[in-house]
*Asks:* 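Please read through the structure below; I'll follow up with questions.
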Amino acid sequence: MKLPVCGEEQVIMEAIRNNTVVVICGETGSGKTTQVPQFLYEAGWSHPDSDNPGLIAITQPRRVAAVSMAKRVGYELNLPESVVSHQIRYDVTTSEKTRIKFMTDGVLLRELSQDLLLTKYSVIIIDEAHERNLNTDILIGVVSRVLKLRAELSREDRAKIKPLRVVIMSATLRVSDFTENSTLFTKPPPVISVNARQYPVSIHFNKRTPEDHVAEAFKKVSKIHDRLPEGGILIFLTGQNEIQHLCKLLREKYPSLPPKAALEERKRIRQAAELELKRDAAIPGEESDSDDSDSDLGFDEEELVSTKDGKWEYIYKCEYGKFTYTISYAAPLHVLPLYSSLPTEAQLRVFQPPPEGTRLCVIATNVAETSVTIPGIRYVVDCGKAKERRYDIKTGVQSFEVDWTSKASAGQRAGRAGRTGPGHCYRLYSSAVFDHDFEQFSTPEISRMPIEGVVLNMKSMGIDNVVNFPFPTPPERQTLSKAEKLLGYLGAIDTDVKHITPVGQAMANLPVTPRFAKMLVIGNQQDCLPFVIAIVAALSTEIAKARRRLMRKKYFESQIKHAGLDRSSDILKLLNVVGAYEYAGATAEFCEENFLRSKAMEEIRKLRWQLTNLMAALFENVDVWVDPKMLPPTKRQIKFLKQVITAGFIDSVAIRKDVIENGGQGGTRFKNARGVAYKLMWSEEEAFIHPGSILYSQEPPIALVYNELFKGATKTCFKGVTAIDTKWLPEIGKEFCSFGRPLDHPIPKYSEQTKDKKTVYVVPSFGPKGWPLPPIQVEMHRKGTRWVISA
DNA sequence: CTCTCCCT
């Protein structure tokens with residue numbers, strides 16, 4: 001079958017020739033991703049002698065897509081991967097012969113900070129723009145400026161610089177944020193719509209919206225499986241727990257062993273019934289009336305009446321009439337979970353055909369909405385909800401909340417049933433809920449996330465005035481200023497003019513979030529850089545594996561083991577884990593035994609290599625290598641590492657409530673951290689050390705820094721805690737500190753001879769709320785008539 | 001004691 005996009009080749013190519021920006025809309029299955037690069041290639045684009053000699057670039061939001069699309073196009077054009085290449089974070093196949101390059105959008109953003117004009121390229125195709133990912137949005141903004149620059153330079157010297165073309169591809173028609181945004185494109189770009197190769201999907205709404213969508217999904221899947229013709233079922237739920245629960249229910253009801261004999265029996269009974277009915281139908285007046293009392297499935301071929309002791313009673317209907325029979329088995333269902341933290345092997349099982357005589361039934365999260373396409377799906381069951389990460393920009397508190405998805409995303413989910421043939425989508429909510437409670441589109445990522453990384457990246461490209469940046473959807477002013485403030489605390493930008501500093505420039509060269517980049521640039525002391533790199537690599541990757549309930553004790557033991565000598569930091573515990581993993585030979589068995597996700601550990605390993613090479617390349621006098629037999633840090637190094645961590649999280653300090661209320665001194669004695677409240681810098685709420693932290697079972701520290709702050713069902717908890725010494729704060733957190741008057745006790749000491757220097761105790765106050773800290777000793781000197789604290 | 005999904 002010819003791809004729908006091929007019918008539009010003329011229109012698309014003409015539009016690209018006549019416009020610098022073109023938008024192409026076409027749902028999954030239209031073939032735009034694989035075909036548009038080929039149209040360009042075949043029309044001579046990227047050919048060294050042509051008018052547009054630069055490469056054809058296609059960006060993807062996901063690594064797998066970049067790699068597999070490059071393979072596909074290379075295969076279709078019969079060209080090697082040195083010509084149709086890909087580049088993702090850890091894998092490049094480009095060569096000097098490369099003509100078409102697939103890459104993740106993050107890769108192109110990084111290239112932009114090296115070469116703002118994108119001189120290598122003649123066309124940039126930005127795919128999946130409808131997903132509104134952070135990187136894609138930023139890319140569209142930057143590229144809109146590059147277009148103008150290239151156009152100007154090309155007018156001056158056409159022989160040297162050619163204009164750039166941009167193609168934005170979207171699966172939905174939500175493109176007005178791009179087309180009608182005059183700060184982005186002064187003249188609205190043309191929009192070309194391509195039909196999709198998609199079969200019709202009938203949508204069935206529930207009459208009423210149930211409280212418990214898992215129970216409702218169970219009922220619906222049972223009905224589909226019992227009554228409807230073959231075809232895979234895909235169920236959308238919100239998270240791992242729900243998925244595992246439904247898996248268990250369905251596996252109990254429909255054991256996956258295929259009782260072949262029973263299946264044949266069912267077929268035999270039905271055939272016999274049909275024959276008999278056919279014979280009866282020949283007698284006039286004996287036709288049965290086909291009432292469709294159960295039309296909610298949209299089928300009435302076979303109806304399940306009741307089940308008793310594992311016996312199933314069916315009413316079988318065909319064009320000749322109706323027939324009732326019982327059979328004593330439950331047809332097997334091949335039930336598979338699918339969510340992203342599942343090991344790769346488990347995820348790959350959904351692509352294999354289910355065992356003979358069983359029906360595939362995949363229970364998935366949002367992964368199956370965009371990134372994973374499961375073959376053979378004919379029925380979709382959609383709970384209509386999705387789990388979303390929320391981020392309170394003012395307080396920095398994160399939470400996970402389950403809410404209705406958008407109409408656009410419900411449409412995507414339904415579409416999954418129409419890839420191989422006509423399908424059905426059962427929505428476990430009423431059409432009234434859909435009409436009234438569903439937003440048209442999901443909120444773009446940029447409106448939901450902290451963006452200090454993006455802002456630093458823009459500053460490094462020379463964009464100082466980020467407020468004027470042509471965002472497809474501008475983030476809130478507060479989000480932007482929060483990002484600039486944090487970059488100020490980290491020393492990455494000048495606090496007055498908000499211009500990038502040399503340190504900031506160095507940080508921008510590192511492919512990690514600014515906090516972690518800060519830790520790297522200050523970490524090259526006392527031979528600590530390899531440790532800092534390992535810590536940053538681990539923090540940048542999701543490390544922990546979901547714990548199994550039965551193994552609670554063992555898990556706890558392994559936590560203690562991982563903590564090693566120092567038990568005052570969850571982050572140093574990560575360092576120990578990385579070290580132990582490498583020492584054990586980086587095996588999957590080690591991960592299994594120690595409650596780690598091997599996928600994450602491999603990612604950490606690759607990231608350590610990347611960061612190590614980068615640090616060595618970026619900084620003179622940095623001499624690091626990846627040592628698989630990395631020894632644990634010494635006591636002195638541990639202290640330094642904690643100070644480095646403090647610097648990275650200097651705006652995430654928390655102090656014990658009882659200590660603050662006691663003027664910064666003394667406080668209550670606690671045996672463990674259970675119920676011990678901490679005060680936060682940016683919120684009036686209190687927070688607690690999570691029971692999963694290594695610090696929970698010890699006397700809680702007076703002060704700590706945390707990686708993340710999470711709002712759970714009952715209270716707000718820290719994630720990734722490091723105990724710190726309040727004495728460090730006046731130095732590491734200068735911008736947050738002020739000092740009160742010298743204390744009378746202990747008595748100030750004056751230097752013997754000159755009397756123009758004295759050592760005194762002062763009470764520092766820290767943070768936006770002026771928390772009193774335990775007194776520290778400082779040296780003061782006389783300046784004119786006043787005493788000032790020496791630097 | 002429970003974590004949707006991605007990326008330099």
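Letters A, B, ... mirror the listed sequences (proteins, then strands); counts begin at 1.
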*Asks:* For B:dC5, does OP1 or OP2 lie under 4.0 Å from any side-chain N or O of A:S371?
*Replies:* no
*Asks:* Check every strand shown and say whether A:R110 touches a base, only sugar-phosphate, or nothing at a heavy-atom separation below 4.0 Å.
*Replies:*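 The answer is base, as A:R110 lies within the cut-off (heavy atoms under 4.0 Å) of a base atom.
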*Asks:* Can you tell me if the side-chain N/O atoms of A:R390 get under 4.0 Å from OP1 or OP2 in B:dT4?
*Replies:*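 No, because none of the side-chain N or O atoms of A:R390 sits under 4.0 Å from OP1 or OP2 of B:dT4.
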*Asks:* Does A:L510 reach a base, just sugar-phosphate, or nothing at all? Heavy atoms under 4.0 Å.
*Replies:* nothing
*Asks:* Tell me, please, which residues at least two apart from A:E445 pass salt bridge (Lys or Arg N to Asp or Glu O under 4.0 Å).
*Replies:*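 With sequence neighbours excluded, A:E445 shows a salt bridge (Lys or Arg N to Asp or Glu O under 4.0 Å) to no residue whatsoever.
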*Asks:* Can you tell which of B:dT8, B:dC1, B:dC5 lies closest to the side chain of A:H690?
*Replies:*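 Given the options B:dT8, B:dC1, B:dC5, the side chain of A:H690 is closest to B:dC1.
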*Asks:* Once you round it to whole Å, what is the distance between C1' of B:dC5 and CD of A:Q240?
*Replies:* 13 Å
*Asks:* Could you tell me how far apart A:K599 (NZ) and B:dC5 (C1') are, to the nearest whole angstrom?
*Replies:*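 Distance, rounded to whole Å: 12 Å.
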*Asks:* Can you tell me how far OG1 of A:T612 sits from CG of A:L607, rounded to the nearest 0.5 angstrom?
*Replies:*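 One gets 9.0 Å once the value is rounded to the nearest 0.5 Å.
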*Asks:* Whole angstrom is fine here: how far is it from CG in A:L109 over to C1' in B:dC6?
*Replies:* 14 Å
*Asks:* Over how many whole Å does the gap from A:R597 atom CZ to B:dC3 atom C1' extend?
*Replies:*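 After rounding, the reported distance stands at 9 Å.
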*Asks:* Nearest-nucleotide wise, let me know which of A:T365 and A:T513 is further upstream toward the 5' end of DNA chain B.
*Replies:*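 So the residue in question is A:T365.
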*Asks:* What is the separation between atom CD on A:E603 and atom P on B:dC5, rounded to the nearest whole Å?
*Replies:*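 After rounding, the reported distance stands at 15 Å.
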*Asks:* Can you find a side chain N or O atom of A:T104 that sits less than 4.0 Å from OP1 or OP2 on B:dT8?
*Replies:* yes
*Asks:* Separation of A:D91 atom CG from B:dC7 atom C1', in whole Å?
*Replies:*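 To the nearest whole Å, that distance equals 15 Å.
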*Asks:* Hey, do the aromatic rings of A:Y706 and A:Y678 have their centres closer than 6.0 Å?
*Replies:* no
*Asks:* On the 0 to 90° scale, with breaks at 30° and 60°, tag the A:F471-A:F469 ring pair as parallel, tilted or perpendicular.
*Replies:*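 A:F471 vs A:F469 ring planes: perpendicular.
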*Asks:* Look only at the side chain of A:T136 and the backbone of A:R132, and say whether a donor-acceptor pair between them is shorter than 3.5 Å.
*Replies:*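 No, A:T136 side chain to A:R132 backbone: no donor-acceptor pair under 3.5 Å.
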*Asks:* Considering just the side-chain nitrogens and oxygens of A:S340, establish if one lies under 4.0 Å of OP1 or OP2 belonging to B:dC6.
*Replies:* yes
*Asks:* Under 4.0 Å, counting only non-hydrogen atoms across every strand here, what does A:V402 touch: a base, just sugar-phosphate, or nothing?
*Replies:*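 It contacts nothing in the nucleic acid.
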*Asks:* So what does A:K719 hit on the nucleic acid, given a heavy-atom distance under 4.0 Å: a base, only sugar-phosphate, or nothing?
*Replies:* base
*Asks:* If you look at every strand shown and take non-hydrogen atoms under 4.0 Å, does A:F710 touch a base, only sugar-phosphate, or nothing?
*Replies:* nothing
*Asks:* Distance check needed: B:dC5 C1' versus A:Q347 CD, whole Å only.
*Replies:* 12 Å
*Asks:* Measure NZ/A:K387 against P/B:dC3 and give the value in whole Å, please.
*Replies:*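 Atom-to-atom, A:K387 to B:dC3, this comes out as 6 Å.
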*Asks:* Taking only the side-chain heavy atoms of A:P691 (C-beta and beyond), determine which of B:dT8, B:dC1, B:dC5 contains the nearest atom.
*Replies:*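 The answer is B:dC1.
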